[in-house]
Number of protein chains: 2
Amino acid sequence: MIELSRTDSGNASRSATRAANLAERIYGQLKQDIFDFRLLPGDRFTETEVAERMGVSRTPVREALFRLQRESYVEVLYRNGWRVRPFNFEYFEDLYDVRTILECAAVRRLCDREKMPAQLEDLKRIWLVPESARLEDMNTLSALDERFHEMLVEAAGNSEMALIHHDITEKIRIIRRLDFTKPPRVDATYVEHGMVLKAILERRPEPAQMMLKAHIEESRREVRKITLHMLHSARQDAQGRE
Amino acid sequence: MIELSRTDSGNASRSATRAANLAERIYGQLKQDIFDFRLLPGDRFTETEVAERMGVSRTPVREALFRLQRESYVEVLYRNGWRVRPFNFEYFEDLYDVRTILECAAVRRLCDREKMPAQLEDLKRIWLVPESARLEDMNTLSALDERFHEMLVEAAGNSEMALIHHDITEKIRIIRRLDFTKPPRVDATYVEHGMVLKAILERRPEPAQMMLKAHIEESRREVRKITLHMLHSARQDAQGRE
DNA sequence: GAGCACCTTCTTGTACACAAGTTTGTGTGC
DNA sequence: GCACACAAACTTGTGTACAAGAAGGTGCTC
């Protein structure tokens, strides 16, 4: 497995299940439930419900829910339960825009540096490989694609920017999951990432930004095709898996 | 009083004291305590302490503290109390950078629109006035300056970008407060804001961005001068006021 | 049958009690 | 005087009880 762990600088917004803290565990599980469509946008639920399902009291559940609320995954209805925030396509469009802005700015900063940071070496090793060495597993590739963009921003050296970008990436992830039925643009992704990297290494900010923009625009186009019907199918699938 | 309330789109991260929710009230009060240096960076305190001072139980206090933690104003020390996050100048430098990036992007988008949004009219009424009509009260001006930048971003029409920018503005506010001893650059601010506005209205993105960048750079320069000594004085002042 | 008042039930909001673990002070042995 | 063990005092983490209020069903009136 290729290891590309995020430099854990930020306030523990890591997923997974950490033993120490019940609230943190619940937080991670709930978020995963949302990503995996076991909890679908618009679904309503109560604190007690979650507490019983997870086998803990309401206290840590509430703590987890408040965090998810702040990150706008769920919302509380005053004394009337909670709801997974319904899909709002404008919201995702906006997030894509901000993401593009941040990544382009990061690329520009990278081109301005005299010495390229070490992270770029890692990216080269992954994306600038001969066609025969390209990976094919979709899940791995999807994760690597996400990391490519995150690492570009991290490499620029502004950790607040990286944190914000990371949050955005996570928020977008849920809608990218819906796109999994399509044949992935594996070759295109390799080519495009490779070109962006090369342009950065050659310190040509304009083309690098252009290509990056086009590349993000492509995945945004896919997202635009996502309809409420796909959401419905996802619900069916998720229930089938249970 | 000039009214320029933020379009309340986001998740209630408003300050002030709202009656409905104890936790929200505590949240606002704690944040204000931090901004007013009644709680100084590095100060340690406990949940019980805050609960008693505010006359409520620990539950809403904890909820408020977790929110402030997520927004990186405070941090919890495992079973060992809480602490106001110590000053980290790199942190503020990074925030200034992201702020510049977002505002420049907003300006570019504004110049691309065929019809200018209504918010710009409000800004014109405030900043494009004859010298005789300029305000002088520092507190008002400081608030208006903050709103100028926020409204630029809001006018660009991307509400996620506006939310992120708003959070950043709030985080920077605490350090700008330290700068209050200096004579404010009242005239310069009027001139610079005016020039940025005019450039936008004339749809000249490059000069608009340049001037905005220089303007932000100026306030960043002030912030750079802030030393730990000023923090110390602020503590003295705050204690004197109590 | 339609509309309205009421009441039950369920929800989150808040307070409080206890558990788990850290820090700090105290006393003892040397 | 110093080092170490121990205990007491706190601190946050978690569970639980109760309060305030919303929603929806039920029965009454017309």
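A note on names: the letters A, B, ... follow the listed sequences, proteins ahead of strands, and every chain is numbered from 1. These values consider heavy atoms only, across backbone and side chains, with no hydrogens, waters or symmetry-generated copies.
- The phosphate of D/dT14 has neither OP1 nor OP2 within less than 4.0 Å of any side-chain N or O from A/T59.
- Between A/L65 atom CG and C/dG13 atom P there is a gap of 10 Å when expressed in whole angstrom units.
- Partners of A/E63 by salt bridge (Lys or Arg N to Asp or Glu O under 4.0 Å), not counting sequence neighbours, listed by chain and number: B/R62.
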For nucleotides 21-26 of chain C, just jot down a letter per nucleotide in 5' to 3' order: B, S or -, based on protein non-hydrogen atoms under 4.0 Å. S-S---
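- A straight line from CZ of B/R58 to C1' of C/dA19 spans 12 Å, rounded to a whole angstrom.
- The aromatic ring centroids of B/Y73 and B/W82 lie 6.0 Å or more from each other.
- B/H193 has its ring centre less than 6.0 Å from the ring centre of B/H149.
- What separates CD of B/E24 from C1' of C/dG13 is a distance of 13 Å, to the nearest Å.
- Residues meeting the ring pair (Phe, Tyr, Trp, His ring centres under 6.0 Å) test with A/Y91, sequence neighbours left out: none.
- With rounding to whole Å, B/I26 atom CD1 is found 13 Å from C/dG13 atom C1'.
- Residues forming a salt bridge (Lys or Arg N to Asp or Glu O under 4.0 Å) with B/D43 (at least two apart in sequence, or on another chain): B/R235.
- Protein atom CD of B/E63 is 15 Å distant from nucleotide atom P of D/dG13, rounded to whole Å.
- Rounded to whole angstrom, the span from the CG atom of A/L22 across to the P atom of D/dT12 amounts to 18 Å.
- Every salt bridge (Lys or Arg N to Asp or Glu O under 4.0 Å) that A/E121 has, sequence neighbours left out, goes to A/K124.
- Counting only residues at least two apart or on different chains, the salt bridge (Lys or Arg N to Asp or Glu O under 4.0 Å) pairs with a member in residues 90-100 of chain A are A/E93-A/R220, A/E93-A/R224, A/D97-A/R220, A/D97-B/R109, A/R99-A/E103.
- Atom CG of A/L77 and atom P of D/dA20 are 22 Å apart (whole Å).
- For A/R44, there are no salt bridge (Lys or Arg N to Asp or Glu O under 4.0 Å) partners two or more places apart in sequence or in a different chain.
- Summary of the strand contacts: B/W82 and A/V56 both lie near DNA chain D, and taking for each the nucleotide with the nearest heavy atom, the more 5' one is attributed to B/W82.
- Contacts of B/T169 classified as side chain to side chain contact (heavy atoms under 4.5 Å, CB included), with partners at least two apart in sequence or in another chain: B/E146, B/E150, B/H165.
- A heavy atom closer than 4.0 Å to some atom of DNA chain D occurs in B/F45, B/T46, B/E47, these being the qualifying members of residues 42-54 of chain B.
- The phosphate of D/dG13 (OP1 or OP2) has a side-chain N or O of B/R62 nearer than 4.0 angstrom.
- The phosphate of C/dT14 has OP1 or OP2 within less than 4.0 Å of a side-chain N or O from B/N21.
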